[in-house]
**Q** 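Below: one structure in structure tokens.
The analysis underlying the following values was restricted to heavy atoms, covering all of them including side chains, and did not include hydrogens, waters or symmetry mates.
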Amino acid sequence: MNDNDTRSRAAEDLSIVVRDSTAGDMPTIQQIYSFYVVNSLATFEESPPSADELLRSRDVILAAGLPHLVATVNHKVAGYAYASSYRLRPAYRYTVEDSVYVLPGLQSKGIGTALLSSLIARCELGAWRQMIAVIGDSANAGSVALHRRLGFEQMGILKAVGFKLGQWVDTVLMQRSLGRGARTRPQIKSG
């Protein structure tokens, strides 16, 4: 049995359901994210935001027409993912950045794959043509492997761009095309 077989069986055993997040999911999302803020280099935030702050961020994401998703296992939130604007300048409007977080203890069970696969598919339905992953900590092998499995290519590593938990931290930049990517011009709505 190889790693893919193990992952597939684990995902089947868990009965993962990916759906749009709701305001009622925010307390659990806040708990998941807080763990990573306090205990890891996966995010460069140093103080956990409140559920209300995360709800406001979700509202901005949804107002931009972007997806904000949760994965549930046994009807309980086990992870979440969302796409956000990559940069604010207008020329970047067809590029999004992904974020994926899985409940500690449930990593490597297919939840991240289910979330990121769904996120990619949802973004491909819109006008977006590129997805960027900005992965905190070049030693974050799980996130790098997840993104690589789903078609992302590593574009580079920004060395020592963050300082957290008493150490300098790199970020890994990965990218994948959405839909037809750069093979066609985006549809521009005339006003």
**Q** Under 4.5 Å between any side-chain heavy atoms of Ile132 and Tyr92, yes or no?
**A** no
**Q** According to the ring pair (Phe, Tyr, Trp, His ring centres under 6.0 Å) rule, which pairs have a member within residues 120-139, sequence neighbours left out?
**A**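 Those involving residues 120-139 do not exist here.
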**Q** Can you name the side-chain hydrogen bond (donor to acceptor under 3.5 Å, both in side chains) partners of Thr22, sequence neighbours left out?
**A** Asp25
**Q** Scan residues 31-44 for pairs that pass salt bridge (charged side-chain N to carboxylate O under 4.0 Å, His left out), counting only residues two or more places apart or in two chains.
**A** none
**Q** Check Ile111 against Ala78 and note the closest heavy-atom contact, atom names and distance.
**A**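 That closest heavy-atom pairing would be CD1-CB, 3.9 Å.
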**Q** As an exercise, state the distance from CD1 of Ile135 to CG of Leu41, rounded to the nearest 0.5 Å.
**A** 13.5 Å
**Q** Please set out all donor-acceptor pairs under 3.5 angstrom arising from side-chain atoms of residues 48-74, sequence neighbours excluded.
**A**
{"residue": "Ser50", "atom": "OG", "partner": "Asp52", "partner atom": "N", "Å": "3.4"}
{"residue": "Ser50", "atom": "OG", "partner": "Glu53", "partner atom": "N", "Å": "3.0"}
{"residue": "Ser50", "atom": "OG", "partner": "Glu53", "partner atom": "OE1", "Å": "3.4"}
{"residue": "Glu53", "atom": "OE1", "partner": "Ser50", "partner atom": "N", "Å": "2.6"}
{"residue": "Ser57", "atom": "OG", "partner": "Glu53", "partner atom": "O", "Å": "3.3"}
{"residue": "Arg58", "atom": "NE", "partner": "Ser21", "partner atom": "OG", "Å": "2.8"}
{"residue": "Arg58", "atom": "NH2", "partner": "Ser21", "partner atom": "O", "Å": "2.9"}
{"residue": "His68", "atom": "ND1", "partner": "Ser21", "partner atom": "OG", "Å": "2.7"}
{"residue": "Thr72", "atom": "OG1", "partner": "Val17", "partner atom": "O", "Å": "3.4"}

**Q** What pairs with Ser47 under side chain to side chain contact (heavy atoms under 4.5 Å, CB included), at least two apart in sequence or on another chain?
**A**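 Side chain to side chain contact (heavy atoms under 4.5 Å, CB included) check on Ser47 returns nothing, list empty.
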**Q** Taking the side chain as every heavy atom from C-beta outward, state whether Met131 and Leu119 have any atom pair closer than 4.5 Å.
**A** yes
**Q** Going through the checks in order, is the side-chain contact (heavy atoms from CB on, under 4.5 Å) test met by Val77 and Arg19?
**A** CA-CA 10 Å; Val77 174; Arg19 62 169 172 77; 4.2 Å; yes
**Q** Could you state the interatomic distance from CG (Asp98) to OG (Ser143), rounded to the nearest 0.5 Å?
**A**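 Here the rounded value is 7.5 Å.
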**Q** Show the nearest heavy-atom pair for residues Leu165 and Ser40, with the distance to one decimal.
**A** CD1-O, 3.9 Å
**Q** Among all residues two or more places apart in sequence or in another chain, which pass the ring pair (Phe, Tyr, Trp, His ring centres under 6.0 Å) test with Phe35?
**A** none
**Q** Using side-chain contact (heavy atoms from CB on, under 4.5 Å), reason through Phe44 and Val134 one step at a time and then give a plain yes or no.
**A** CA-CA 11 Å; Phe44 281 19; Val134 181; over 6 Å; no
**Q** Go through the steps to decide whether Phe152 and Leu116 satisfy the test side-chain contact (heavy atoms from CB on, under 4.5 Å), and finish with yes or no.
**A** CA-CA 11 Å; Phe152 285 76; Leu116 187 52; 4.1 Å; yes
**Q** Tell me, which pairs form a salt bridge (charged side-chain N to carboxylate O under 4.0 Å, His left out) where one or both residues lie in residues 120-140, sequence neighbours left out?
**A** Asp20-Arg122, Glu124-Arg176
**Q** Does Leu103 have any side chain to side chain contact (heavy atoms under 4.5 Å, CB included) partners at least two apart in sequence or in another chain, and if so, which?
**A**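 By the side chain to side chain contact (heavy atoms under 4.5 Å, CB included) rule, Leu103 matches Ile32, Leu106.
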**Q** Hey, could you give me the CG/CD1 distance between Leu178 and Ile120, rounded to the nearest 0.5 Å?
**A** 7.0 Å
**Q** Apply ring pair (Phe, Tyr, Trp, His ring centres under 6.0 Å) to Tyr101 and list each qualifying residue two or more places apart in sequence or on a separate chain.
**A**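 Tyr101 satisfies ring pair (Phe, Tyr, Trp, His ring centres under 6.0 Å) with Tyr33, Tyr36, Tyr80 once adjacent residues are dropped.
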**Q** Enumerate the residue pairs fulfilling side chain to side chain donor-acceptor pair (under 3.5 Å) with a member in residues 154-170, sequence neighbours excluded, ordered by first and then second residue.
**A**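 Residue pairs with at least one partner in residues 154-170: Ser138-Asp170.
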**Q** First locate atom CG of Leu173, then atom NE2 of His147, and finally report the distance between them rounded to the nearest 0.5 Å.
**A** 11.5 Å
**Q** For Asn140 and Ala42, work out which heavy atoms get closest and say how close.
**A**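 What the structure gives for the nearest pair is ND2-CB, 4.0 Å.
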**Q** First locate atom CD of Glu153, then atom CZ of Arg148, and finally report the distance between them rounded to the nearest 0.5 Å.
**A**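 Going from CD on Glu153 over to CZ on Arg148, the span is 9.5 Å.
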**Q** Under the side-chain hydrogen bond (donor to acceptor under 3.5 Å, both in side chains) test, which residues partner Ser34, sequence neighbours left out?
**A**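 Applying side-chain hydrogen bond (donor to acceptor under 3.5 Å, both in side chains) to Ser34 gives Gln30.
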**Q** Does one hydrophobic cluster hold both Tyr86 and Tyr82, with members joined at side-chain heavy-atom distances below 4.5 Å?
**A** no
**Q** Side chain to side chain contact (heavy atoms under 4.5 Å, CB included) with Gln130: which residues, sequence neighbours excluded?
**A** Thr95, Gln175, Ser177, Ala182
**Q** How close do Gly24 and Pro27 get, counting heavy atoms only, and between which atoms?
**A**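 That would be O-CD, 3.4 Å.
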